[in-house]
Amino acid sequence: MKEHLLKILIIGDGNVGKSSFVCRYVSGQFSRTYKMTVGVDFSVKTLHWSDKEKVRVQLWDVAGQERFISMTRVYYKGAMGCVLMFDVTNSSSFLKCRQWKQDLDSKAMLPNGSSIPCILLANKSDLSDWAVPADGIESFCKANGFFTWMATSVKDNKNIDEAMRKLVEEILSS
Ligand code: GDP
C-alpha cells in the first residue's frame, strides 16, 4: 500500500466559509457557530484512493489570520495544493482572490519550480443574491492559473468532496 501525505492550504478572505469547509469535509458536519481562532490549524482526512493507494489529506486553515493576506512562509512550506475560496454574495472577497493567488505563487512552489495546483471555490452558492457572475469567475480562473473552479455550498454539502477529489487528482498527476 502506497501512502501519500498531501499538505493542502485553504486560503481566502474571512467569513467566506473556510473553517466550515474543513469541518464539513473532515467530519461531515456544518457548524453554525461562529469561530474566530487565531493561528494556524490543520485537520487530517484519510482517503482510500485505490486498491494500492491511500491519501492522507492535511488541510491547513488560515484561521483568523486572513486580514494579513500575506501569510508566513511556514504556512506555505511544503504545500502541494491549495483551495482558494470566496463568497459569491461578497464581490470584495472575489476581487481579493488575485492578491491571494499572487501571494501563494510567490511563496509556494513545487520542487520543480512550477506553481502548486490551486482550485477556485465559489462558496455559498445556495444563496440567491450572487454578486459575482459565473462568466466573470470563469475568465478570472483561466487568466490566473487555476486548473478549474467550482460552485460549492458547505451549507448544503454541495461539491465539497468533489472539489477535494479534483484537487487530489490534479496533485497526484502533477
Ligand atoms: P471563514 O472565516 O472563512 O473560516 O468562514 P466560516 O467557516 O467561519 O463561515 C462564515 C459564515 O458563513 C458562517 O456563519 C457559516 O455558517 C457561513 N457559511 C459557510 N459556508 C456557507 C454556505 O455554503 N452557505 C451559507 N449560506 N453560509 C455558509
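Order of listing sets the numbers, starting from 1, for every ligand and every atom in it.
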Heavy-atom side-chain proximity of Phe86 to Leu95 below 4.5 angstrom: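 Not in contact.
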
Any Leu5 side-chain heavy atom under 4.5 Å of Arg56 side chain: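 Answer yes - side chains close enough.
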
Near [X], which atoms of ligand 1 are under 4.0 Å from a heavy atom of that residue?
{"X": "Leu127", "value": "26 (N)"}
{"X": "Ser20", "value": "6 (P), 7 (O), 9 (O), 15 (C), 19 (C)"}
{"X": "Asp126", "value": "22 (C), 23 (O), 24 (N), 25 (C), 26 (N)"}
{"X": "Gly17", "value": "1 (P), 3 (O), 5 (O), 6 (P), 7 (O), 9 (O), 19 (C)"}
{"X": "Gly14", "value": "2 (O)"}

Steps toward salt bridge (charged side-chain N to carboxylate O under 4.0 Å, His left out) verdict (Asp161, Arg165): CA-CA 6 Å; Asp161 284 344; Arg165 177 157 283 273; over 6 Å; no

Asp13, Val154, Asn15, Ile10: member with heavy atom nearest to atom 10 (C) of ligand 1: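 Looking at heavy atoms only, the winner is Asn15.
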
Contact partition for Asp61 relative to ligand 1, non-hydrogen atoms under 4.0 Å: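 Neither; nothing of Asp61 gets under 4.0 Å from ligand 1.
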
Within reach of ligand 1, part of Asp156 (heavy-atom separation under 4.0 Å):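 None of Asp156 does.
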
Asn123-Thr152 side chain donor-acceptor pair, cut-off 3.5 Å: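 Yes.
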
Within-cut-off N or O pair, Lys18 and ligand 1, under 3.5 Å: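 So ligand 1 has an N or O lying under 3.5 Å from an N or O of Lys18.
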
Plane angle bin for Phe140 and Phe146 - parallel if under 30°, tilted between 30 and 60°, otherwise perpendicular: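 Tilted.
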
Pair Lys18 + Asp61, salt bridge at N-O below 4.0 Å: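 Judged by the 4.0 Å cut-off on N to carboxylate O distance, Lys18 and Asp61 do not form a salt bridge.
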
Flag if over 12 foreign heavy atoms under 6.0 Å of NZ, Lys166: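 Result for NZ/Lys166: open.
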
